[in-house]
J.: 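I have a structure here, written as structure tokens, and I will follow up with some questions on it.
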Amino acid sequence: MVTDKPGYEHLIQFLTEHLSLFEQRGPVVAGAKTLGEVLEESISEQIIQLCTQHTELEMNHRSMIVREVDGILYDFQEVLASVLEEPATEQQTELIQEISLLIKNLFDNAIADLMD
């Protein structure tokens, strides 16, 4: 659905272009979540919002979306494996939130194509 489309390749490329941000250690707020937690929560929030907005989706479509998101999350975790347990900086959190919005946008577009 999404992971086999050019938009997904651009998303991975976008993450790759910003990998240096994850190699830097900046100021961390006390009690900050790990990069892995921020990644999972941010993507989950966007997918919940996606499913809430698209009430016309059938259960099989929602299941397909969840499977694809699991694959995307796995890919991102593989790329960021060495830093997933590090506390997230504000800049890293912002980038992850931006990526999460891009993922939601990919699915919004795929759903629009599906419903046409």
Side-chain angles (χ1 to χ4, degrees):
M1 182 178 175
V2 170
T3 54
D4 59 350
K5 296 196 183 238
Y8 180 69
E9 292 171 9
H10 293 298
L11 187 61
I12 294 293
Q13 181 179 356
F14 180 76
L15 175 63
T16 304
E17 289 170 359
H18 292 87
L19 276 180
S20 62
L21 180 63
F22 295 98
E23 295 167 357
Q24 305 167 7
R25 297 306 324 148
V28 176
V29 177
K33 294 178 181 179
T34 66
L35 282 166
E37 291 170 332
V38 171
L39 183 65
E40 287 179 19
E41 289 176 9
S42 186
I43 291 174
S44 295
E45 287 171 5
Q46 291 303 316
I47 297 309
I48 289 169
Q49 185 176 1
L50 175 90
C51 289
T52 302
Q53 290 173 336
H54 293 281
T55 57
E56 73 278 10
L57 289 174
E58 296 176 11
M59 187 55 72
N60 63 331
H61 295 132
R62 292 174 194 268
S63 296
M64 189 167 50
I65 289 169
V66 169
R67 280 193 306 275
E68 291 228 16
V69 169
D70 282 345
I72 292 169
L73 186 57
Y74 177 80
D75 289 347
F76 278 47
Q77 288 171 330
E78 286 290 307
V79 171
L80 299 173
S82 65
V83 294
L84 282 177
E85 296 304 318
E86 297 291 328
T89 66
E90 189 174 320
Q91 284 183 310
Q92 292 165 340
T93 299
E94 288 173 5
L95 181 65
I96 289 171
Q97 290 171 342
E98 184 176 346
I99 289 170
S100 298
L101 288 169
L102 292 171
I103 291 169
K104 180 183 179 293
N105 188 40
L106 283 174
F107 280 94
D108 278 329
N109 291 336
I111 291 168
D113 291 345
L114 181 68
M115 297 301 168
D116 283 343

J.: What distance do Ile111 atom CD1 and Leu57 atom CG have between them, rounded to the nearest 0.5 Å?
T.: 4.5 Å

J.: Kindly give the heavy-atom pair with the smallest separation between Glu56 and Gln53, and that separation in Å.
T.: OE1-O, 4.4 Å

J.: For this output row, return yes or no: ring centroids of His18 and Phe14 closer than 6.0 angstrom.
T.: yes

J.: Mind checking what makes side chain to side chain donor-acceptor pair (under 3.5 Å) contact with Asp108, not counting sequence neighbours?
T.: His54, Lys104

J.: Can you give each donor-acceptor pair under 3.5 Å made by side-chain atoms of residues 44-52, sequence neighbours left out, with the distance rounded to 0.1 Å?
T.:
{"unit_1": "Ser44", "atom_1": "OG", "unit_2": "Glu40", "atom_2": "O", "d": "2.7"}
{"unit_1": "Thr52", "atom_1": "OG1", "unit_2": "Ile48", "atom_2": "O", "d": "2.8"}

J.: Who pairs with Val79 by side chain to side chain contact (heavy atoms under 4.5 Å, CB included), at least two apart in sequence or on another chain?
T.: Leu15, Leu19

J.: Which heavy-atom pair separates Gln92 from Leu35 by the least distance, and what is that distance?
T.: OE1-CD2, 3.6 Å

J.: To check you understand the geometry: which heavy-atom pair defines the closest contact between Ala32 and Pro87, and what is its length?
T.: CB-CB, 4.3 Å

J.: Please list, chain by chain and in numerical order, all residues satisfying side chain to side chain contact (heavy atoms under 4.5 Å, CB included) with Glu23, sequence neighbours excluded.
T.: Ser20

J.: Distance-only criterion, 3.5 Å: show the donor-acceptor pairs between side-chain atoms of residues 94-101 and protein atoms not counting sequence neighbours.
T.:
{"unit_1": "Ser100", "atom_1": "OG", "unit_2": "Ser42", "atom_2": "OG", "d": "2.7"}
{"unit_1": "Ser100", "atom_1": "OG", "unit_2": "Ile43", "atom_2": "N", "d": "3.4"}
{"unit_1": "Ser100", "atom_1": "OG", "unit_2": "Ile96", "atom_2": "O", "d": "2.9"}

J.: Hey, what do you get for CG (Asn60) to CD1 (Ile65), rounding to the nearest 0.5 Å?
T.: 10.0 Å

J.: Can any side-chain N or O of Glu37 pair as donor or acceptor with the backbone N or O of Thr34 at less than 3.5 Å?
T.: yes

J.: Can you name the residues that form a side chain to side chain donor-acceptor pair (under 3.5 Å) with Gln13, not counting sequence neighbours?
T.: Glu17

J.: Can you measure from OG1 (Thr93) to CD (Glu41) and round to the nearest 0.5 angstrom?
T.: 10.0 Å

